[in-house]
Amino acid sequence: MKTVIAATCAAAALVLLALGSGRLQAGLTPQTDEAVPADPRSDGTARANALFGTYRARCGQVAVVAIDVVPPGTGGFADPLGSTAARTGHTLYVALADLRLDARETTTPTDRRNGIRWAGRFTYSAGSVRQVAIGRDGTAGRWSPWQPGGPVYAVALTHRDGGWTDRIDEMPLVTGLGRYARMRRPTCAELPAG
């Protein structure tokens, strides 16, 4: 019993010594002196929502993304040098309804040993989706009927060395269009009625 009490007192003395030297402070880890978010899941959720909103506008009850699509040149991968021929394309608007967010912490003991303080994956799913295309000349299609949705966006966030890093997985429609598609955040006023 005396050994346990002596060990406890020794540990308490070391903690007090560390506190007195300024090495241990509230919100800091003793190994690195880096600030750790008080609630990394909430901080991560706020960051994930900000990234999701980069290219999506909230218009009423739905989130909408604009995808400007320009077809490849007719001569191959690139237009010939000096070519001034304008290529026409169109804009796809994709509406996402009934959004859900699934947030999961993925930090492992191995991650922590490698200096990762927190890691998680945030997946956004839409219950329903629909789209419409607008030609560059202003010709408008009609909104498609609402269809069952699914995962539309995911971001993996990692907190390490006092900062956050992200890896984004966009919806398959965007990745399928490849370099011919440019996402942008639309204004609600530019969306066709319907």
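This one's a predicted model, so the numbers in the text were calculated from it and none came from an experiment. Note that these values count all heavy atoms, side chains included, but never hydrogens, waters or copies made by symmetry.
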Determine the minimum heavy-atom distance between [X] and [Y], stating which atoms define it.
X	Y	value
Y93	A66	CE2-CB, 3.8 Å
W118	R41	CZ2-CA, 3.8 Å
R117	T107	O-CG2, 4.3 Å
V152	A126	CG1-CB, 4.1 Å
R121	D169	NH2-OD2, 2.9 Å
A97	V62	CB-CG1, 3.8 Å

**Report entry** Which residues share a ring-ring contact (aromatic ring centres under 6.0 Å, His included) with F122, sequence neighbours left out
**Finding:**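 Counting only residues at least two positions away or on another chain, F122 forms no ring-ring contact (aromatic ring centres under 6.0 Å, His included).
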Query raised in the report: Taking the side chain from S144 and the backbone from Q131, do they hold a donor-acceptor pair closer than 3.5 Å?
Result: yes
Report task. Please answer whether the main-chain N or O of T123 pairs with a side-chain N or O of R104 as donor and acceptor at a distance below 3.5 Å. Result ->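 Judged by distance alone, no pair lies under 3.5 Å.
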What's the spacing between [X] [atom1] and [Y] [atom2] if we round to 0.5 Å?
X	Y	atom1	atom2	result
I134	L191	CD1	CG	9.0 Å
I116	T108	CD1	OG1	7.0 Å
I67	R182	CD1	CZ	12.0 Å
T91	E190	OG1	CD	7.5 Å
S125	D98	OG	CG	11.5 Å
D43	H159	CG	NE2	7.0 Å

Query raised in the report: Can you check whether W164 reaches T158 side chain to side chain, under 4.5 Å on heavy atoms?
Result: no
Query - Ring geometry between Y124 and F52 (parallel below 30°, tilted from 30 to 60°, perpendicular above 60°) - result: parallel
Query raised in the report: Any salt bridge between E170 and R56, counting N to O under 4.0 Å?
Result: yes
Query raised in the report: Are L92 and W143 connected in a single hydrophobic cluster, I mean Ile/Leu/Val/Met/Phe/Trp/Tyr linked by side-chain heavy atoms less than 4.5 Å apart?
Result: no
**Report entry** ILVMFWY network linking V64 to W146, side-chain heavy atoms under 4.5 angstrom
**Finding:**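 Same cluster: V64 reaches W146 through Ile, Leu, Val, Met, Phe, Trp or Tyr contacts under 4.5 Å.
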